[in-house]
Amino acid sequence: MGGFEGGDEGGYWDIDTLPASTNHVNTSKSDRRQSTIEKTDAGYSIKAHAKVNIFLKITGHENGYHTLLSRFMYVEDLYDTITFVPCECDTFTIEGCEGVPLETNTIYKAYKALNDHTGDLEILDFFYKHKVVVTKRIPSQAGLGGGSSDAAAFMRLVKEVCNLLISTEELAKLGSTIGADLPFFIYNYTSANVSGFGEIVEPFEEDPLSLELYTPQIGCDTTLVYKTFKEHLLNGISLASFIGWDQLDSKTLLERIADPIMLNDLYKAALIAYPELKNEAKEGWFFSGSGSTFFRLR
């Protein structure tokens, strides 16, 4: 979930347009997960994990974008797989994302951003000899960050296989030009407080929770959910209502604040935009991001 009119499956802004006071990321590595890159005869592959928003609070609206404070937690057992498969290609080729135009695909945007930023011809040469194959398991428009996770995993894998001289911090900053969730996935933290427009990522030390997910057959358009929030709910935000939440561990937050509408400001907006979600809501379940996924502690 990102703090903008577009959320986790897209959204775009130039790095230079981000407010200077928030254009940074915590660089601690203590809670960063190890990237597992596999090399086989079939090519190079990396897992792109889903995330849930333990809480998500809108803090304001600046220059056309929403700002937020949220706790992101990665989901261990739900992930897409990004594989670079040997193939003679005339152009950049992606398989496994049927129905998504190339120009709007977050992986393609990441490819273009890396090329433009680094000017490294090794990237171009590599993808004349490899295609990108995406094995999808994360549902789209579900509040799980699938598109952003795929793009971030792609960028991390390209960095390794093409030996790019770019730091993780620089990669995260570049990722923020593609989508607000990318910095979290590029830093690859188990849990983190994410704020600003999504570009401030501060690792939170805690063990990942064992979660059960439920995604109904309802796709929630992030742009519409944010637009609905702005039109109906923006004037009612109270920053004092969630002071200290970023200091509490996720299990405590879910146990103390059992109201999913209180935990996630976008849930009420999603219910307005998609009234049928009310029929899917269950007691004891929480709402992730701006999509349609509900989760609970196992």
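Given the structure is predicted, the values throughout are model-derived calculations rather than measurements. Basis for what follows: all heavy atoms, side chains included, without hydrogens, waters or symmetry-related copies.
For Phe242, there are no ring-ring contact (aromatic ring centres under 6.0 Å, His included) partners at least two apart in sequence or on another chain. Partners of Lys47 under the salt bridge (Lys or Arg N to Asp or Glu O under 4.0 Å) rule, at least two apart in sequence or in another chain, do not exist in this structure. The salt bridge (Lys or Arg N to Asp or Glu O under 4.0 Å) test applied to Glu103 returns no partner, not counting sequence neighbours. Scanning for salt bridge (Lys or Arg N to Asp or Glu O under 4.0 Å) contacts around Asp259 gives an empty result, with sequence neighbours left out.
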Kindly list each side-chain donor-acceptor pair under 3.5 angstrom involving residues 88-96, sequence neighbours excluded, with atom names and distances?
unit_1	atom_1	unit_2	atom_2	d
Thr93	OG1	Thr91	O	2.9
Glu95	OE1	Lys131	NZ	3.3
Glu95	OE2	Lys131	NZ	3.1

Please report, to 0.1 Å, the donor-acceptor pairs under 3.5 Å made by any side chain of residues 271-281, with sequence neighbours excluded.
unit_1	atom_1	unit_2	atom_2	d
Tyr274	OH	Asp221	N	2.9
Glu280	OE1	Tyr214	OH	2.4

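Heavy-atom minimum distance, Ala50 versus Phe185: C-CE2, 4.4 Å. Scanning all heavy atoms of the two residues, the minimum distance from Leu234 to His61 falls at CD2-CB, 3.8 Å. Between Val225 and Ala270 the shortest heavy-atom distance is CG1-N, 4.1 Å. The shortest non-hydrogen separation linking Arg256 to Leu248 is NH1-CD2, 3.9 Å. Across every non-hydrogen atom of Glu199 and Pro183, the tightest pair is CA-CG, 4.2 Å. Considering every non-hydrogen atom in both Thr59 and Leu69, the closest pair reads CG2-N, 3.9 Å.
For the pair His49 and Val75, the minimum side-chain heavy-atom distance is 4.5 Å or more. Residues Leu253 and Arg71 have side chains in contact (heavy-atom distance under 4.5 Å, counting atoms from C-beta outward). Contact annotation: the side chain of Thr81 never approaches that of Val134 to less than 4.5 Å [non-hydrogen atoms, C-beta and beyond]. Looking at heavy atoms from C-beta onward, Ile166 lies in side-chain contact with Lys159 at the 4.5 angstrom threshold. At a threshold of 4.5 Å between non-hydrogen side-chain atoms, the residues Ile107 and Ile82 count as touching. Met73 is listed as a side-chain neighbour of Leu209, based on a closest heavy-atom distance under 4.5 Å. In this structure, the side chains of Met155 and Ile186 come closer than 4.5 Å at one or more pairs of heavy atoms. Between Val194 and Ile200 the shortest side-chain heavy-atom distance does not fall below 4.5 Å.
Look at Glu169 and Lys173 and you find no salt bridge, because none of the NZ, NE, NH1 or NH2 atoms lies under 4.0 Å from a carboxylate O. Using a cut-off of 4.0 Å between Lys/Arg side-chain N and Asp/Glu carboxylate O, Asp80 and Arg137 are scored as not salt-bridged. Glu212 and Arg296 are joined by a salt bridge, as a carboxylate oxygen and a charged side-chain nitrogen come within less than 4.0 angstrom of each other. Taking a cutoff of 4.0 Å between a charged side-chain nitrogen and a carboxylate oxygen, Asp207 and Lys251 do not qualify as a salt bridge.
Using cut-offs of 30° and 60° on the angle between ring planes, the pair Phe295 and Phe286 is tilted.
For the residue pair Glu206 / Ser191, a side-chain donor-acceptor distance below 3.5 Å is found, with atom types taken as modelled. Using modelled atom types and a 3.5 Å distance limit, the side chains of Ser292 and Thr215 yield no donor-acceptor pair. A donor-acceptor pair shorter than 3.5 Å cannot be found between the side chains of Ser288 and Thr293.
Ring pair Phe84/Tyr44: centre-to-centre distance not below 6.0 Å. A ring-centre distance under 6.0 Å is found for Phe154 and Phe127. Tyr189 has its ring centre no less than 6.0 Å from the ring centre of Phe72.
Expressed to the nearest 0.5 Å, how far OG of Ser148 lies from CZ of Phe184 amounts to 11.0 Å. Annotation: the span from His117 atom NE2 to Ile123 atom CD1 amounts to 10.0 Å, rounded to 0.5 Å. Rounded to the nearest 0.5 angstrom, Thr83 OG1 and Glu38 CD are separated by 8.5 Å. Distance check, rounded to the nearest 0.5 Å: CG of Leu56 to CG of Asn264 gives 5.0 Å. Separating the CD atom in Glu122 from the SG atom in Cys162 is a distance of 5.0 Å, to the nearest 0.5 Å.
Test Ile58, Thr228, Leu68 against Leu266 for side chain to side chain contact (heavy atoms under 4.5 Å, CB included) and you get one pass: Ile58.
Residue-environment remark: NZ (Lys39) exceeds the threshold of 12 foreign heavy atoms within 6.0 Å.
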